[in-house]
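Here's the structure we're looking at; comments come further down.
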Amino acid sequence: MPETKTKPTPSRDIHAATPVPVRHMGQWLAGAVLLVVALLFLEVLVNNPNMQWAVVFEYLFSPDILKGLGITLMLTLLAMLLGLLLGVILAVMRLSSSRVFQSVAWGWIWFFRGVPPLVQLIFWYNMALLIPRITISVPFGPTLVNWDVNDLITPFSAAIMGLAFTESAYAAEMLRAGIRAVSGGQTEACATLGMTRWQSLRRIVLPQALRIVIPPIGNDTISMLKFSSLVSILALPDLLYSAQMIYARTYQTIPLLIVATIWYLVLTTAFTLIEHAVEAHFDVTRSRPSLSRALVSNLKAPFALRRKEDLA
Amino acid sequence: MTTPLLKVERLRKSFGNHEVLSGIDMEVHRGDVTCIVGPSGSGKSTLLRCLNHLEKPSSGAVFLKGEPIGLKWRGERLFEMSFNELAKQRQKMGMVFQGFHLFPHLTALQNVSEAPMIVSGVPRARAESEAMELLAKVGLGDRAGHYPHQLSGGQQQRCAIARALAMKPELVLFDEPTSALDPELIGEVLSVMRDLAREGTTMVVVTHEMSFARDVAEHLIFMDGGVIVEEGNPREVLAHPREERTRAFLSRVLETA
């Protein structure tokens with residue numbers, strides 16, 4: 001073995017010296033490139049005359065757009081509420097010991113997860129072609145109810161059905177996973193305390209399962225907000241269709257699409273913040289902030305996170 | 001002799017082809033502590049879980065105050081009870097689990113007051129004041145507002161005992177209540193159980209704690225291979241086991257203790 005030459009370094013003292021941190025040269029370089037690209041993009045956004053920012057601001061708070069925003073919001077929340085309610089029922093049916101309940105729930109989930117919501121919307125809207133009248137009557141007796149399906153199916157009710165049924169299929173699978181994630185020991189403990197099945201489901205299992213599925217429910221709500229734009233096919237004046245109606249008249253397509261985009265982003269951001277707040281509120285392993293406190297602390301969250309990283 | 005509070009007759013339980021309990025007969029008298037010991041796999045936990053029908057026995061019967069558990073006569077025919085009918089009977093038998101199984105989303109106080117409120121319809125104020133008394137009794141008076149994850153293992157198990165007592169059961173079943181605990185926390189749980197025994201609570205305890213069995217129990221049952229090998233006064237059985245299998249088991253556990 002050749003003798004390696006080592007310089008005598010009597011001044012080296014590992015306890016006195018401060019080590020130089022690792023230099024992330026690649027990261028710095030890539031970051032710089034990315035920053036330039038982002039600035040260029042921003043420049044296009046701001047300076048491109050086709051964006052017509054003046055028109056955007058003109059319509060951003062126009063009554064038609066705000067009305068459309070309200071309908072979008074209502075569609076999203078109603079469809080989510082109905083979808084979750086159906087989802088709970090379906091999840092419980094899937095987990096029941098009855099084969100009939102299991103199969104019916106399975107069939108429902110299979111169908112509504114498999115058919116695109118857009119197809120469903122058109123299908124529900126044309127329900128009357130399949131079933132013209134709904135009649136409930138006592139056999140050999142008087143007719144109790146006699147509805148014309150064309151009166152029942154409005155663009156709004158067709159939209160709610162299409163969106164809520166799709167959501168129910170996804171919510172059911174989510175909730176089933178949530179319920180199964182609650183340990184069997186919990187239901188056994190309930191049983192030994194004399195609780196009925198319904199009592200233990202309502203008071204012990206569901207509250208825990210729902211806490212587990214808060215993040216995916218938040219996700220689904222945001223998806224639903226965007227899916228609700230499909231209803232423009234039914235000429236339902238939601239946010240997108242309201243914008244479309246205006247630009248059909250004025251040919252200011254891009255600025256009005258930007259108006260819709262801005263509002264969708266505002267709502268998505270709001271839903272995200274609310275979801276995080278709800279999650280923090282119900283998380284017993286952390287100290288429980290009130291909903292409003294959690295909301296405020298979430299607004300600061302990106303900065304707080306940054307600080308924590310700096311400390312680490 | 002008084003009629004027993006709990007009576008087990010010719011109880012058998014199989015999982016698939018594997019018979020875990022091969023004919024158990026036993027009696028539990030009011031106010032007594034019965035300890036069930038035996039090697040792991042001997043069927044003692046399954047026996048305990050058959051008593052309140054967490055496991056449905058394959059055959060045989062369990063009687064509480066002469067009433068069959070999970071079964072009912074209608075004229076000459078015997079019917080299985082529905083889950084909700086069974087729930088009424090289970091109220092009379094509290095249970096404490098090896099893994100505590102406290103409700104994680106409820107505070108210690110709510111864990112104890114929940115069942116009396118929703119099962120028995122006790123008004124909140126009374127349920128909570130009774131729950132506070134029970135928590136104080138198990139030494140958790142100052143932990144009422146804590147969630148289970150904020151309690152130590154020993155505190156969780158004491159809270160679970162308070163929860164089981166809240167339904168004012170006729171007897172309490174303990175399924176290896178100290179087996180999941182760190183050694184230094186076992187004592188506090190056993191001491192709560194000693195207090196309960198002194199007050200005359202009827203208890204059936206599956207345990208590995210031989211000293212607890214010797215000092216507290218009125219009756220000791222040694223199980224192996226799905227049958228009761230030997231039973232009697234715990235001091236007698238532990239000091240002078242008659243059966244070879246009992247001797248072998250005791251020498252093993254007392255060696256390590």
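Just so it is clear: chains get the letters A, B, ... in the order the sequence lines come, proteins before strands, and each one is counted from 1. Values below: every heavy atom of this structure, side chains too, minus hydrogens, waters and symmetry copies. Just so it is clear, the model here is predicted, and its values are computed rather than measured.
For Leu54(B), the part lying under 4.5 angstrom from a heavy atom of chain A is the side chain only. Both the backbone and the side chain of Arg163(B) come within contact range of chain A, each with at least one heavy atom under 4.5 Å from a heavy atom of that chain. Looking at Met167(B), the atoms closer than 4.5 Å to chain A (heavy atoms on both sides) all sit in the side chain, from C-beta outward. Residue contact with chain A, scored on non-hydrogen atoms closer than 4.5 Å, is absent for Leu173(B). With a 4.5 Å cut-off on non-hydrogen atoms, Pro104(B) touches chain A through its backbone and its side chain both.
Among Ile118(B), Thr107(B), Leu106(B), the residue making the largest number of heavy-atom pairs under 4.5 Å with chain A is Ile118(B).
Heavy-atom neighbours of Lys88(B) NZ from other residues, nucleotides or ligands within 6.0 Å: at or below the threshold of 12. Within 6.0 Å of the CZ atom in Phe227(A), the count of heavy atoms belonging to other residues, nucleotides or ligands does not exceed 12. When the shell of 6.0 Å around CZ of Phe271(A) is examined, it contains more than 12 heavy atoms from other residues, nucleotides or ligands.
Annotation: side chain of Cys190(A) is in contact with side chain of Phe103(B) (closest heavy-atom distance under 4.5 Å).
Taking each heavy atom of Phe97(B) and Ala189(A) in turn, the nearest pair found is CE1-CA, 3.7 Å.
Among pairs with a residue in residues 86-101 of chain A, none fulfils side-chain hydrogen bond (donor to acceptor under 3.5 Å, both in side chains), at least two apart in sequence or across chains. Residue pairs meeting the side-chain hydrogen bond (donor to acceptor under 3.5 Å, both in side chains) criterion with at least one member in residues 163-184 of chain A, sequence neighbours excluded, are Trp108(A)-Ser168(A), Gln120(A)-Thr166(A), Glu173(A)-Arg176(A).
By a heavy-atom distance cut of under 4.5 Å, Ala191(A), Thr192(A), Leu193(A), Gly194(A), Met195(A), Thr196(A), Arg197(A), Gln199(A), Arg203(A), Ile204(A) are the residues of residues 191-206 of chain A near chain B, going up by number.
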Side-chain polar contacts of residues 70-84 of chain A - donor-acceptor pairs under 3.5 angstrom, sequence neighbours left out - could you list them?
from	atom 1	to	atom 2	distance (Å)
Thr72(A)	OG1	Gly68(A)	O	3.3
Thr72(A)	OG1	Leu239(A)	N	2.9
Thr76(A)	OG1	Thr72(A)	O	2.7

